[in-house]
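The structure under discussion appears below in the form of structure tokens.
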Amino acid sequence: MKWNIIHLEEIDSTNTEARRHAMQGAGEGLVIVAERQTAGKGRRGRNWESESGENLYFSMMLRPDFPVEKTPMLTLVMALSVTKAIEKFCGMNPAIKWPNDLVLSGKKICGILTEMHMADGRIEDVIVGTGINVNQKVFSDELEDKATSLLLEKGQNQDFIDKQKLLHAVLAEFEILYETFSKVQDLSFLEESYNERLINKNREVLVLEPGNEYQAVAQGINSKGELVVRKEDGSVEAVYAGEVSVRGIYGYV
Ligand code: BTN
């Protein structure tokens, strides 16, 4: 992959900016990075606080040649890529909260928002947007209990983490996984690595399906990236990453 990285001081949302470039015909591999976002987007219409200039906010634009239903798998590919990059570059071991949050000490350090655009029934572009809390030391009252940063987890007196180097480490990991994924078009090749890092594994989760909530025990992902859960009546179900989220029965994980 040839990455074409555009670094901005401030933008509404790197996902939105990547989409603008996509609409103007930009090629696959475009990466928009911003120091700050004025309208950072989270999943489920939430916003993503991104004012501080201390964290990584970036979106990559891909033009994959695979069926639409494979797109949510890219989010899991990115989650594993960021995890591996943090392991190697920072020497820390984040866990993955299915499908795409990264967690340290039970708090969120990374979120991923994948947006797909179609034309004539085919994928026109996919924007994978990633926010990593890198050097932030103070969080708003609302986030304090739920979010942390790599720096806070390393210890306050540590040096700032080089965001640009971390970005390159993530891109390098993603490139390796994306190459295989594009060929095999399923996640069997990373199922084991992902499940080893899955915080939900063997834990009780609340499955939040549109119009249907139930409690179950998570077993791990399958080759489609679905979360396999065992319900209280013993039946096993695979939960699709595109529409469903899970949380711990007592809180976030
Ligand atoms: C989530 O809700 O967990 C997903 C958060 C995704 C945030 C990132 S920051 C860079 C990119 N641009 C956005 O507007 N959102 C994503």
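Start at 1 and go down the list; that is how both ligands and their atoms are numbered. Remember, predicted model here, so these are calculated numbers, not experimental data.
No hydrogens or angles considered: nothing links the side chains of Ser59 and Glu17 as a donor-acceptor pair under 3.5 Å. Judged by distance alone, the side chains of Gln37 and Ser50 do bring a donor and an acceptor atom under 3.5 Å apart. Counted by atom type alone, Tyr57 and Asn55 present one or more donor-acceptor pairs between their side chains at under 3.5 Å.
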Quick one: ligand 1 N/O to protein N/O pairs below 3.5 Å?
| residue | atom | partner | partner atom | Å |
| --- | --- | --- | --- | --- |
| ligand 1 | 2 (O) | Arg43 | N | 2.7 |
| ligand 1 | 3 (O) | Lys108 | NZ | 2.6 |
| ligand 1 | 12 (N) | Thr14 | OG1 | 3.0 |
| ligand 1 | 12 (N) | Gln37 | OE1 | 2.9 |
| ligand 1 | 14 (O) | Ser13 | OG | 2.7 |
| ligand 1 | 14 (O) | Gln37 | OE1 | 3.4 |
| ligand 1 | 14 (O) | Lys41 | N | 2.7 |
| ligand 1 | 15 (N) | Lys41 | O | 2.7 |

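Here the straight-line distance linking atom CG of Leu62 with atom CG of Leu30 works out to 10.0 Å at 0.5 Å rounding. Atom-to-atom distance recorded for Leu206:CG and Leu208:CG is 5.0 Å, nearest 0.5 angstrom.
Using a distance-only test at 3.5 Å, with no hydrogens or angles considered, a donor-acceptor pair links the side chain of Arg36 to the main chain of Glu51.
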